[in-house]
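Computed from a prediction, not measured in an experiment: that's the story for all the values here. Each chain gets a letter, A, B and so on, in the order its sequence line appears, and its residues count up from 1.
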Protein chains: 2
Amino acid sequence: MKRDTRQAIIDAGGDLVHRQGFHRTGLKEILDAAGVPKGSFYFYFRSKEDFGLALIEHCAQGFAALADQYLDAPLDGPLARLAGFFVMLRERLAARGYERGCPLGNLAQEISDLSPPMRQAVSHAMRGMAGRLARVLAQSRDAGEIPADLDPDATAAFMLEAWEGALLRMKAEKSGEPLRRFEDFVLHRLLR
Amino acid sequence: MKRDTRQAIIDAGGDLVHRQGFHRTGLKEILDAAGVPKGSFYFYFRSKEDFGLALIEHCAQGFAALADQYLDAPLDGPLARLAGFFVMLRERLAARGYERGCPLGNLAQEISDLSPPMRQAVSHAMRGMAGRLARVLAQSRDAGEIPADLDPDATAAFMLEAWEGALLRMKAEKSGEPLRRFEDFVLHRLLR
DNA sequence: CCACTACTAGACCGGTCGTCTACAAATGTC
DNA sequence: GACATTTGTAGACGACCGGTCTAGTAGTGG
């Protein structure tokens, strides 16, 4: 199995789905963008849903790598790394004109009620994201940087949710204001 | 112009779009559900996008009516009314099996980057929602119930965003946990 | 009885996902 | 080196659905 053809489909599809949504994006469009003929698709994937599952896995890995790079860096304190992570995300989103938002969040919204397997995959990916945040929060609490009565897991979950909501509003307003507000309320108030 | 035929299309369409998404839902499906013939659609709406705009307006009005009913009730203090509002929403969402989520939030996610007019309509509707929350927060602050240094407008915006994020995660996890977490962190911690 | 608006019917063309058959290239086996 | 088998490519095809539009019918007011 030529891994790179399959990967080309996922890369091109990931980009298109991120911009247009899963249902709005047709197989033909993805395959044209990837330079792969229609017939090959069903050699690599059983169905569009099967492709979606691979896409979710791809997004999850991409995010995990990025998060690990920023959150596990051996610099500064844990809280500073956390703040730096969100600032970096905000700058990336600004560079894109506040479009697209979170690939996983978009998919979650679009397919949660329509495809149980994809919903489960997204849910699993989100738990992974929350887990990474929780680890840093635990370090931060142990370092005495944040209130000791904040449960790292619950706080991480809340952060993830508030962040996804901020991204949603960002898309709707085409403004970075919600992201700055997130940092202000969550990082500077909640964790103060 | 038979207003009720138009309204029937909006009602049936609102329900379907809420469940399946805007792009996933076809005109035929909506019109069949409304018992209106296909050909009539373009008498009442210029395009699917035009229909979408009407739908957003419809959602916004529905939400505004509900919010006013709970938030402007002359009972209890403003903070208690706010809490009651979110509890009511949580119970409604639980009764639906944590599906669908927020009609406006879903649309925001789906069409913000694809239809500027619809994005603007959603943005306007969301500002209306945030404004209602801000009003109650201002009352609450004046009553000394919440910290005086909380800006009602920014806090309301943050609440709205955190709530939308909680709804997103709720859909993905098919669980009310994110909603309770929202109440816990926002109502009990942030506004404490 | 006519003019006009309000509304409907269904054709239209392009696109959708998914299947299928035919073919090429690579790999393994003797 | 010859052949069989796997691995991958190619794209036509079917059945259906998408949004849109034109031609037409019903209904109303004068």
(Q) Using OP1 and OP2 only, check whether a side-chain N or O of A:T5 sits under 4.0 Å from D:dT9. (A) yes

Q | Nearest-Å distance for atom pair CZ/P, residues B:F51 and D:dT20 | A | 12 Å

Q.
Using whole Å, what does the distance between atom P of nucleotide C:dC7 and atom CZ of B:F45 come to?
A. 13 Å

Q. Going by heavy atoms closer than 4.0 Å, what residues in residues 28-37 of chain B are next to DNA chain D?
A. B:K28

Q) Which salt bridge (Lys or Arg N to Asp or Glu O under 4.0 Å) pairs, counting each pair once, include a residue from residues 151-161 of chain B, with sequence neighbours left out? A) A:R169-B:E161, A:R181-B:E161

Q | Separation of C:dT16 P from A:F22 CZ (nearest whole Å) | A | 14 Å

Q) Can you check the B:F43 CZ to C:dT8 P distance for me, whole Å? A) 8 Å

**Q.** Qualifying side-chain hydrogen bond (donor to acceptor under 3.5 Å, both in side chains) pairs with a residue from residues 91-101 of chain A, counting only residues at least two apart or across chains
**A.** A:D15-A:R100

Q) Does A:A64 have any side chain to side chain contact (heavy atoms under 4.5 Å, CB included) partners at least two apart in sequence or in another chain, and if so, which? A) A:R132

Q) Roughly how far, to the nearest 0.5 Å, is the CG atom of B:N106 from the SG atom of B:C59? A) 9.5 Å

Q) Just wondering, do B:Q109 and A:E110 contact through their side chains at under 4.5 Å, heavy atoms? A) no

Between the protein and nucleotides 23-26 of chain C, list every N/O to N/O distance that falls short of 3.5 Å.
none

Q: Rounded off to whole Å, could you give me the CZ-to-P distance for the A:R6 and D:dT7 pair?
A: 15 Å

Would you list the atom pairs, donor with acceptor, under 3.5 Å between side chains in residues 26-33 of chain B and any protein atom, with sequence neighbours excluded?
{"unit_1": "B:K28", "atom_1": "NZ", "unit_2": "B:D32", "atom_2": "OD2", "d": "2.9"}
{"unit_1": "B:E29", "atom_1": "OE2", "unit_2": "B:Q20", "atom_2": "NE2", "d": "3.2"}

Q. Ring pair (Phe, Tyr, Trp, His ring centres under 6.0 Å): which pairs involve residues 159-183 of chain A, sequence neighbours left out?
A. A:F86-A:W163, A:F86-A:F182, A:W163-A:F182

Q: Provide, to the nearest angstrom, the distance between the CD1 atom belonging to B:I9 and the P atom belonging to C:dC7.
A: 11 Å

Q. Looking at B:S40, does any N or O in its side chain come under 4.0 Å of the phosphate oxygens OP1/OP2 on C:dT8?
A. yes

Q: For A:F45, check side chain to side chain contact (heavy atoms under 4.5 Å, CB included) against everything at least two apart and list the hits.
A: A:R6, A:I9, A:I10, A:F41, A:D50, A:F51, A:A54

Q) According to the side-chain hydrogen bond (donor to acceptor under 3.5 Å, both in side chains) rule, which pairs have a member within residues 141-150 of chain B, sequence neighbours left out? A) A:R189-B:D149, B:S140-B:E145

Q) Under the side chain to side chain contact (heavy atoms under 4.5 Å, CB included) test, which residues partner B:P37, sequence neighbours left out? A) B:S40

Q | Residues in side chain to side chain contact (heavy atoms under 4.5 Å, CB included) contact with B:R90, at least two apart in sequence or another chain | A | B:V87, B:L179, B:R180, B:E183

Scan nucleotides 18-20 of chain C against the protein and return all N/O pairs shorter than 3.5 Å with their distances rounded to 0.1 Å.
{"unit_1": "C:dG18", "atom_1": "OP2", "unit_2": "A:Y42", "atom_2": "OH", "d": "2.9"}
{"unit_1": "C:dG18", "atom_1": "OP2", "unit_2": "A:K48", "atom_2": "N", "d": "3.1"}
{"unit_1": "C:dG18", "atom_1": "O5'", "unit_2": "A:Y42", "atom_2": "OH", "d": "3.2"}
{"unit_1": "C:dG18", "atom_1": "N7", "unit_2": "A:K38", "atom_2": "NZ", "d": "3.0"}
{"unit_1": "C:dG18", "atom_1": "O6", "unit_2": "A:K38", "atom_2": "NZ", "d": "2.4"}

